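Remarks on the structure that follows.
Not measured: the values here are computed from a predicted model. Within every chain, numbering begins at 1; the chains are lettered A, B, ... in the order of the sequence lines, protein sequences first and strands thereafter.
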Amino acid sequence: DTAVSQTPKYLVTQMGNDKSIKCEQNLGHDTMYWYKQDSKKFLKIMFSYNNKELIINETVPNRFSPKSPDKAHLNLHINSLELGDSAVYFCASSPWRGQSNTGELFFGEGSRLTVL
Amino acid sequence: RKEVEQDPGPFNVPEGATVAFNCTYSNSASQSFFWYRQDCRKEPKLLMSVYSSGNEDGRFTAQLNRASQYISLLIRDSKLSDSATYLCVVNGRGYSTLTFGKGTMLLVSP
């Protein structure tokens, strides 16, 4: 069974379109994330949710909107796509122990977005 | 100073070599530290946590120096399958993000 699954794996679309990426985890973790890995391979946090509550929102254009219907799902919707949005988007989850994130991230396989 | 800095790569080594990766972090309040591994076109995966006293897992040894804000990873007897990018990751306290370094690519050749 896939622990963290995200769809689609590949997405090719035109500038200006709106697209969504879905993520689901079956690990029972409390915290989920979206990371962006650009062409230089730098992995950067975008959003984090803990039990459906947004806890981290890095400096990300408001064209990006995360939604967490329940703690097992975290979707990412992107409006008005731009060329610079081309990247691999990784969903991840982690357990939460006591007062902090344990640091053990479990990543999905990534969604490679190409904007033409 | 960048939050998490790693050696630029790639490191090209022959099988059997010992290779060391270094990492420095800027936030002295950082609480926990990790090494992740990312294969080409795959997702990152946790390789090992880094404990204050240093820790070893088979051929892999991780060290932490809080005073110098420095983390290292040593791989002994390199295998072809060790070829990957190694990411240094630092975590703060509570509702904080895991900050990833840019990674150092390792290429092990026969």
Side-chain angles (χ1 to χ4, degrees), chain A residues 2-7 9-10 21 23 25 27 29-51 53-60 87-112 114, chain B residues 2-11 21 23 25-27 29-52 55 57 62 64 71 73 83-107:
Chain A
T2 305
V4 181
S5 59
Q6 47 183 118
T7 55
K9 286 190 171 42
Y10 298 95
I21 309 171
C23 179
Q25 54 98 2
L27 297 167
H29 290 164
D30 297 309
T31 314
M32 294 186 72
Y33 309 80
W34 278 109
Y35 277 83
K36 178 180 179 180
Q37 190 168 43
D38 59 26
S39 57
K40 294 180 182 174
K41 307 300 181 189
F42 191 39
L43 198 65
K44 195 163 183 189
I45 183 76
M46 298 175 71
F47 302 103
S48 176
Y49 274 73
N50 189 54
N51 277 318
E53 180 188 342
L54 179 66
I55 55 172
I56 292 166
N57 183 351
E58 293 295 310
T59 309
V60 176
V88 181
Y89 292 85
F90 285 103
C91 177
S93 71
S94 71
W96 191 268
R97 304 234 168 86
Q99 296 296 312
S100 64
N101 178 342
T102 65
E104 302 166 71
L105 283 178
F106 294 78
F107 283 89
E109 293 182 330
S111 297
R112 185 174 296 272
T114 303
Chain B
K2 289 185 185 148
E3 288 189 70
V4 179
E5 283 201 75
Q6 296 187 240
D7 289 338
F11 285 9
F21 301 116
C23 172
Y25 59 96
S26 60
N27 184 354
S30 297
Q31 294 288 311
S32 46
F33 311 90
F34 310 88
W35 284 100
Y36 276 70
R37 169 193 169 132
Q38 186 173 22
D39 292 319
C40 188
R41 299 180 76 84
K42 298 283 191 183
E43 72 274 22
K45 291 184 179 176
L46 178 65
L47 177 66
M48 60 196 298
S49 301
V50 186
Y51 302 120
S52 296
N55 48 299
D57 182 3
L64 169 65
I71 307 157
L73 175 69
S83 296
T85 295
Y86 290 83
L87 301 159
C88 176
V89 183
V90 175
N91 195 19
R93 186 197 303 270
Y95 288 125
S96 64
T97 57
L98 285 167
T99 302
F100 283 74
K102 276 194 164 185
T104 305
M105 186 183 288
L106 172 66
L107 300 169

State whether the side chain of B/Gln31 and the backbone N or O of B/Ala29 hold a donor-acceptor pair below 3.5 Å, judged by distance alone.
yes

Heavy-atom proximity to chain A below 4.5 Å, by part of B/Phe33
neither

Of all of A/Gln37, A/Lys40, A/Lys41, A/Arg112, which one pairs up most often with chain B through heavy atoms under 4.5 Å apart?
A/Arg112

Please classify the contact between A/Leu43 and chain B as side chain, backbone, both or neither, with a heavy-atom cut-off of under 4.5 Å.
both

Without hydrogens or angle criteria, can the side chains of B/Asp7 and B/Thr104 be said to hold a donor-acceptor pair below 3.5 Å?
no

Side chain B/Asn55, main chain B/Ser49, donor-acceptor under 3.5 Å
yes

Examine whether an atom of A/Phe106 lies under 4.5 Å from a heavy atom of chain B, and if so say whether it belongs to the side chain, the backbone or both; otherwise answer neither.
neither

Measuring from atom NZ of B/Lys42 to atom CZ of A/Phe90, what distance do you get when rounded to the nearest 0.5 angstrom?
10.5 Å

